[in-house]
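What follows is one structure encoded as structure tokens, with my remarks underneath.
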Amino acid sequence: MFEKTDEQLINKALQGNKKAWLSLIKRYESSIYNYALRMTGNRDDAMDLLQEVFVSVFRNLSNYRGEGAFKSWLFKIAHYRCIEFYRRKKPSHGLEDVPEVECQQGTPEQQFSAGQHNGKLAVAMQQLPLAQKAVVELKFFGQFTFEEIAEQLGISTNTAKSRLYSALGKLKTLLEVDYA
Amino acid sequence: MPNYDKHELLAAWLEGTLTESQRDAFEKACSQDEAFSEHVAAANVAMMDVDSHSFQSVPSWNRDATFTSPDTTKWWQWQALPAMSFCTSMLAIVMVITGFEVRVDNGSVTLGFSSQPNAQQLQAMIDEQMTEYKDQQTAVLTQYTQALQQQQLATNTELTKYLLSSSRKERKEDFAALIEFINQQRSDDQMFYARQLNKLENHIYHLSDTVTDPQQPTLNEMQ
């Protein structure tokens, strides 16, 4: 009832109110962490990405104009950070490239983590290229509309829809194999 | 029935925004297009998976590290401070140039720009300057006189010393010459007396012979 809105917390954080900033983090850290976990498939990388995202968000907080939901803006930054993360890790790979097989297997700890807690979709997502993975993540887990996804990823709505369609074409096989 | 793209139909279905015609096209595609129906099935599975998905709790992490306190400007870093400093400096320069002064007379404060002193003040200033100049000149003259006296005294002393030493030397040389002359005289006398003695000896010797030989002259004859 008395919970402050995102805008109120942002304004206070911009004035140097640490408590407001920490409240804002606690409100969204779970979403970002799980997003990062699914996008990277690794807990350590997810934690690094989580920290990078919030550092970047704080640095750019004054640029947030209040146009659109804060969550969309937050995920937009998270996506850019995620791309940076992948570029650092695999500089030669493009966003449309299919990840290497050995990278998908991960450590037994990672597989356990993904399989037991994140579900089949999260595991299957790891087989997708980053561009398609991001659309699947935002559509199914983020529950964003295609317009919001397009705005966050800096692509057209039609491209977002097309990427999801292509992703589902690959996922259907992976999910069927899993369910078989 | 219009021809819709498959990904458009799937997207509209996912967002629940299918129109009547799109719904018809969607149902038709599901029944006739196996690939499309598999896409829809995969989307269904994905949505069900998400519904049963459990979010992982966030491990403990350093949230404070993401917060950097905004720079608050200290009072001594006030941006207008340099401008204010410049203005006060300029004001001070103008006040000095224009001769600005503040006078307090009988409890009243007068602000003014007076640059010309009156005749009395001017005379007093001149007198003060002259007195100062006179004292300064007297001191310099006294100092000069003392120096001159000391220099004169030193010169006299040196001259006296020189005269004394030179006369002493001359006397010493005169005495030396006198002694040498006397010594020479004595030497001559000695030689004279020696010759006389020789002569006498010879005479005495001849006398002794004469006593024995009457042919020999006497001493008086010889002289």
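Chain identifiers are assigned alphabetically (A, B, ...) following the order of the sequence lines, protein sequences preceding nucleic acid strands; residue numbering begins at 1 within each chain. Just the heavy atoms: all of them, side chains too, but no hydrogens, waters or symmetry mates, feed the values below. Remember, it's a predicted structure, so these values are computed and weren't measured experimentally.
Residue E173(B) places its CD atom among more than 12 non-hydrogen atoms of other residues, nucleotides or ligands, all under 6.0 Å distant. A 6.0 Å sphere centred on CD of Q143(A) holds more than 12 heavy atoms belonging to other residues, nucleotides or ligands. Within a 6.0 Å radius of CD in Q120(B), no more than 12 heavy atoms belonging to other residues, nucleotides or ligands are found. For K76(A), the NZ atom counts as densely surrounded, since its 6.0 Å shell holds more than 12 non-hydrogen atoms of other residues, nucleotides or ligands. Q196(B) CD: more than 12 foreign heavy atoms inside a 6.0 Å radius. Applying the 6.0 Å contact sphere to CD of Q137(B) captures more than 12 heavy atoms from other residues, nucleotides or ligands.
Between H7(B) atom NE2 and T159(A) atom OG1 the span is 8.5 Å, to the nearest 0.5 Å. Of the inter-residue distances, the one linking W21(A) atom CH2 with D64(B) atom CG reads 12.0 Å to the nearest 0.5 angstrom. Of the inter-residue distances, the one linking I25(A) atom CD1 with T66(B) atom OG1 reads 3.5 Å to the nearest 0.5 angstrom.
Between K6(B) and Y165(A), the shortest heavy-atom contact is CB-OH, 3.4 Å. Of all the heavy atoms in Y33(A) and P59(B), the pair that sits closest is CZ-CD, 3.5 Å. In plain terms, the two heavy atoms of A35(B) and K172(A) that are nearest each other are O-NZ, 4.0 Å. Closest approach of W61(B) to E29(A), counting heavy atoms only: NE1-OE1, 2.8 Å. Residues L14(B) and K139(A) share a closest heavy-atom pair of CB-CE, 4.3 Å. For the residue pair Q51(A) and A65(B), the shortest heavy atom distance occurs at NE2-CB, 3.7 Å.
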Inset, instruction - With side-chain contact (heavy atoms from CB on, under 4.5 Å) as the test, would you mind laying out the steps for L121(A) and V45(B) before giving the verdict? - result: CA-CA 8 Å; L121(A) 179 59; V45(B) 171; over 6 Å; no

Inset, instruction - For the pair F67(B) and L22(A), evaluate side-chain contact (heavy atoms from CB on, under 4.5 Å) and give the outcome as yes or no after the intermediate values. - result: CA-CA 8 Å; F67(B) 183 85; L22(A) 292 178; 5.7 Å; no

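Contact residues of residues 145-156 of chain A toward chain B are T145(A), F146(A), E147(A) (heavy-atom distance under 4.5 Å).
In terms of heavy-atom pairs under 4.5 Å with chain B, the best-connected choice from L50(A), T157(A), L164(A), L61(A) is L50(A).
Residues E8(B) and N158(A) meet the side-chain proximity criterion, which asks for heavy atoms closer than 4.5 Å. Using a 4.5 Å heavy-atom threshold, the side chains of H39(B) and L171(A) count as separate.
Residue contact with chain A, scored on non-hydrogen atoms closer than 4.5 Å, is absent for D51(B). Looking at E52(A), there are no atoms closer than 4.5 Å to chain B (heavy atoms on both sides), in backbone or side chain. Using a 4.5 Å cut-off between heavy atoms, Y35(A) makes no contact with chain B at all. Residue S52(B): no heavy atom, backbone or side chain, is found under 4.5 Å from chain A.
Under the side-chain hydrogen bond (donor to acceptor under 3.5 Å, both in side chains) criterion, D45(A) pairs with K89(A), sequence neighbours left out.
The pair D5(B)-K161(A) does not meet the salt-bridge criterion, since no charged nitrogen lies less than 4.0 angstrom from a carboxylate oxygen.
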